[in-house]
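Structure record follows, encoded as structure tokens.
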Amino acid sequence: MSSKNLHIPSFMARPQAGAMARREVGAPLKDPIQKIITEPLLQHPVQHTNGIQVMTLAQMTHGGLWQLEQLHVRDHHLFLWITRGQGRLLLHGLRRGFGAHNAIFIPAGKLASIEVGRHIQGQALIIPNNGRVQLPDRTQQLRLQDGLAQAELTGLFDDLRRELHEDRPFVNESLTAIASLVSIWLRRQMQIQGAPPLASAAERIVRRFCDILSDNFQSGRPMQDYAEDLGITPTHLTRVSRQCSGLTAADMVSQVVQHKARIMLTQTDLPINEIADKLGFGSAAYFTRFSQQHFGAAPSQVRKTAAPRG
């Protein structure tokens, strides 16, 4: 077959062959996503029935920065591609900074918070935790210096947006295939970076605490129970948590509960007493006091003043 009759899908082509990545060898790579973020395609988040979504960081925080900046756990995988600006991360209990050309992966079920700066720009890929895309099981932050790696990742995001926007035949298969290519890109970069440095004793404790907290924050358990699970005292747990994350263990529990409470109040129609029960509060009155302390309003008022659901 003549090569001129072959059609190669854009997500299967090498990124340097596309218009987004074309440049002279040795020339500095311009911000590969600056053009994309101003296109009409990204005026609204795009999502398909298989659950894969692509959106900007600004769209992720529609309704409040707390959605990213407060410690929380997600039931889906989150992949962030930061192209401008800087901020701070709390990944699996460890505080760190991030800047432009950072790729950040947060698996489903891992605690994280992302404090974004005023001028930050970037995009997010949400992948359902349904096993269709093979992904790493640990958080990852990659600081990319290689222009070709940056262009390759930008091209994959471009392909995802195109599929979501045009909704062509076999779109579900295509989205899963491109998301799998993102996973391959991520795992290759992790391999290039090499094994992470050995964690200190304090870091190991905090990571174990985060794993237990992710599964139990809705139980209303006292801090003593978390410490006993770790075989340490509550005082020591507080000390190592502050050392690694900048937050006490109690602060971490409180933030995760606050985030989940706001999500349930503003994005569901569950009765308030049922939300209180699901979050481990002994009564709706106790939940109301918690809401007034942390949100400055009763749960009903938080729900009333929130952005329209949907």
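We're numbering straight along the sequence, starting at 1. As the structure is a computational prediction, the values presented were derived from the model and not from experiment.
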Return the set of residues passing side-chain contact (heavy atoms from CB on, under 4.5 Å) with Arg118 (not counting sequence neighbours), or none when no residue passes.
none
Mind checking ring-ring contact (aromatic ring centres under 6.0 Å, His included) for Phe281 and listing every partner two or more places apart, or none if nothing turns up?
Tyr286, Phe287, Phe290
How far apart are the C-alpha atoms of Gln301 and Thr305, what are their side-chain angles, what is the distance that settles it, and do they pass the side-chain hydrogen bond (donor to acceptor under 3.5 Å, both in side chains) test?
CA-CA 6 Å; Gln301 189 65 21; Thr305 58; 5.0 Å; no
Does a salt bridge link Arg161 with Asp158, judged by any charged N lying under 4.0 Å from a carboxylate O?
yes
Say whether, by atom type as modelled, one donor and one acceptor occur between the side chain of Glu69 and the main chain of Val116 under 3.5 angstrom.
yes
For the pair Ser174 (side chain) and Phe170 (backbone), establish whether a donor and an acceptor sit closer than 3.5 Å, ignoring hydrogens and angles.
no
Distance from Asn102 atom CG to Leu144 atom CG, nearest 0.5 Å?
7.0 Å
When you measure from the side chain of Ser214 to the backbone of Lys110, do you find a donor-acceptor pair of N or O atoms at a distance under 3.5 Å?
no
State which residues pass side chain to side chain donor-acceptor pair (under 3.5 Å) with Gln255; sequence neighbours excluded, sorted by chain then number.
none
Atom pairs and distances, side-chain donor-acceptor, residues 183-202, under 3.5 Å, sequence neighbours left out:
{"residue": "Ser183", "atom": "OG", "partner": "Gln134", "partner atom": "O", "Å": "2.3"}
{"residue": "Ser183", "atom": "OG", "partner": "Arg187", "partner atom": "NE", "Å": "3.1"}
{"residue": "Ser183", "atom": "OG", "partner": "Arg187", "partner atom": "NH2", "Å": "3.3"}
{"residue": "Trp185", "atom": "NE1", "partner": "Ala149", "partner atom": "O", "Å": "3.3"}
{"residue": "Arg187", "atom": "NE", "partner": "Ser183", "partner atom": "O", "Å": "3.4"}
{"residue": "Ser200", "atom": "OG", "partner": "Glu203", "partner atom": "N", "Å": "3.2"}

For Arg239, the side chain to side chain donor-acceptor pair (under 3.5 Å) test, sequence neighbours excluded, returns His236
Please list, one pair per line, the donor and acceptor atoms closer than 3.5 Å that link side chains of residues 270-279 to other protein atoms, with sequence neighbours excluded.
none

Between Gln150 and Thr154, is any side-chain donor less than 3.5 angstrom from a side-chain acceptor?
no
Arg221 to Tyr226, cation-pi by 6.0 Å centre distance and 45° axis angle:
yes
For Arg132, give me all partners under salt bridge (Lys or Arg N to Asp or Glu O under 4.0 Å), at least two apart in sequence or on another chain.
none
My understanding is that only residues two or more places apart in sequence, or in another chain, count here; which of them pass salt bridge (Lys or Arg N to Asp or Glu O under 4.0 Å) with Arg95?
Glu115
What pairs with Asp251 under salt bridge (Lys or Arg N to Asp or Glu O under 4.0 Å), at least two apart in sequence or on another chain?
none
Would you call the rings of Phe105 and Phe79 parallel, tilted or perpendicular if under 30° counts as parallel and over 60° as perpendicular?
tilted
May I ask you to decide if Asn216's main-chain N or O and Ser219's side chain share a donor-acceptor pair within less than 3.5 Å?
yes
How would you list, by chain and number, every residue that makes a side-chain contact (heavy atoms from CB on, under 4.5 Å) with Ala298, sequence neighbours excluded?
Thr288, Gln292, Ser300
Which residues share a ring-ring contact (aromatic ring centres under 6.0 Å, His included) with His259, sequence neighbours left out:
Trp66, His72
Do the side chains of Val253 and Ile263 join up, straight or via other hydrophobic residues, at under 4.5 Å, putting them in one cluster?
no
So, using salt bridge (Lys or Arg N to Asp or Glu O under 4.0 Å) as the criterion, who are the partners of Asp225 when residues are at least two apart?
none
Joint hydrophobic cluster, Met55 plus Leu57, side-chain heavy atoms closer than 4.5 Å
yes
Roughly how far, to the nearest 0.5 Å, is CG of Leu94 from CG of Leu111?
11.5 Å
